[in-house]
Amino acid sequence: MSEILFTSTATASGGREGRVQSSDQVISLDTAMPGSPRAKKLENATNPEQLFAAGYAACFDSALQLVARKERVKFESEVTANVSLTKDEADQGFKLAVTLQVKGTNVDKEQLEDLVHKAHQVCPYSKATRGNIDVTLEVH
């Protein structure tokens with residue numbers, strides 16, 4: 001196993017209709033399935049897909065800037081992760097799909113596309129999801 005740089009810990013209770021809390025208390029949120037009575041009652045509740053989207057977007061943007069620095073390209077970037085819960089026809093359960101929308105300022109589209117594809121090879125979230133879920137890259 002590789003050297004561990006740090007570990008983040010969060011605990012969930014009640015699943016999609018409960019709470020999530022990080023060990024350092026920075027995250028302490030109610031969870032609710034979008035559209036459910038609980039979600040209507042708890043307007044600030046989150047869901048696993050929203051939490052995953054936040055993590056993936058931040059991680060991918062960091063990977064993109066890392067690749068850019070290595071290639072001596074300076075630009076501002078913004079990554080939006082759209083995480084969808086979909087039906088899994090194979091087992092009649094559920095699965096995830098992700099679309100990453102990447103915007104760059106002060107960089108041409110062709111160069112940004114190249115950097116995005118390189119970032120997708122090094123981003124820890126992209127590595128973790130590769131071959132497991134559909135991830136679509138959109139460069140704007």
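Sequential numbering from 1 along the given sequence is applied to the chain's residues. These numbers were taken from a predicted model, which means no experiment stands behind them.
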Is there a side-chain contact between [X] and [Y] (heavy atoms, below 4.5 Å)?
X: H140; Y: E78; answer: no
X: Q121; Y: V67; answer: no
X: Y56; Y: V98; answer: yes
X: R19; Y: D30; answer: yes
X: L137; Y: H117; answer: yes
X: I27; Y: L29; answer: yes
X: E49; Y: S84; answer: no

Between [atom1] on residue [X] and [atom2] on residue [Y], distance to nearest 0.5 Å:
X: D88; Y: I133; atom1: CG; atom2: CD1; result: 12.0 Å
X: N106; Y: Q111; atom1: CG; atom2: CD; result: 11.0 Å
X: E76; Y: Q65; atom1: CD; atom2: CD; result: 8.5 Å

Treating Ile, Leu, Val, Met, Phe, Trp and Tyr as nodes and any side-chain heavy-atom pair under 4.5 angstrom as an edge, say whether [X] and [Y] lie in one connected cluster.
X: F60; Y: L51; value: no
X: V102; Y: L66; value: no
X: L96; Y: V20; value: no
X: F75; Y: V116; value: yes
X: V83; Y: L85; value: yes

If every non-hydrogen atom of [X] is compared with every non-hydrogen atom of [Y], which pair is closest and at what distance?
X: G104; Y: L112; value: N-CD2, 3.5 Å
X: D24; Y: S22; value: OD1-OG, 2.6 Å
X: L115; Y: A68; value: CD2-CA, 4.1 Å
X: N47; Y: A32; value: CB-O, 3.7 Å

Original post:
Which side-chain hydrogen bond (donor to acceptor under 3.5 Å, both in side chains) pairs, counting each pair once, include a residue from residues 94-103, with sequence neighbours left out?
Top reply: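 Every pair satisfying side-chain hydrogen bond (donor to acceptor under 3.5 Å, both in side chains) with a residue in residues 94-103: N82-Q101, Q101-E138.
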
**OP:** Please name the residue in the list V135, T136, V139 that meets the side chain to side chain contact (heavy atoms under 4.5 Å, CB included) test with L100.
**Re:**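 Among V135, T136, V139, the one that satisfies the side chain to side chain contact (heavy atoms under 4.5 Å, CB included) with L100 is V135.
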
Please table the atom pairs, donor to acceptor, closer than 3.5 Å between any side-chain atom in residues 38-46 and protein atoms at least two apart or in another chain.
| from | atom 1 | to | atom 2 | distance (Å) |
| --- | --- | --- | --- | --- |
| R38 | NE | T31 | O | 2.7 |
| R38 | NH2 | G18 | O | 2.7 |
| T46 | OG1 | Q50 | OE1 | 2.5 |

Would you find a donor on one side and an acceptor on the other, under 3.5 Å apart, between the side chain of [X] and the backbone of [Y]?
X: N132; Y: A128; value: yes
X: Q92; Y: K87; value: no
X: T129; Y: Y125; value: yes
X: S28; Y: Q25; value: no

**OP:** Run the numbers on K74 and R69 for side chain to side chain contact (heavy atoms under 4.5 Å, CB included), then give the verdict.
**Re:** CA-CA 7 Å; K74 287 186 103 172; R69 274 192 306 279; over 6 Å; no

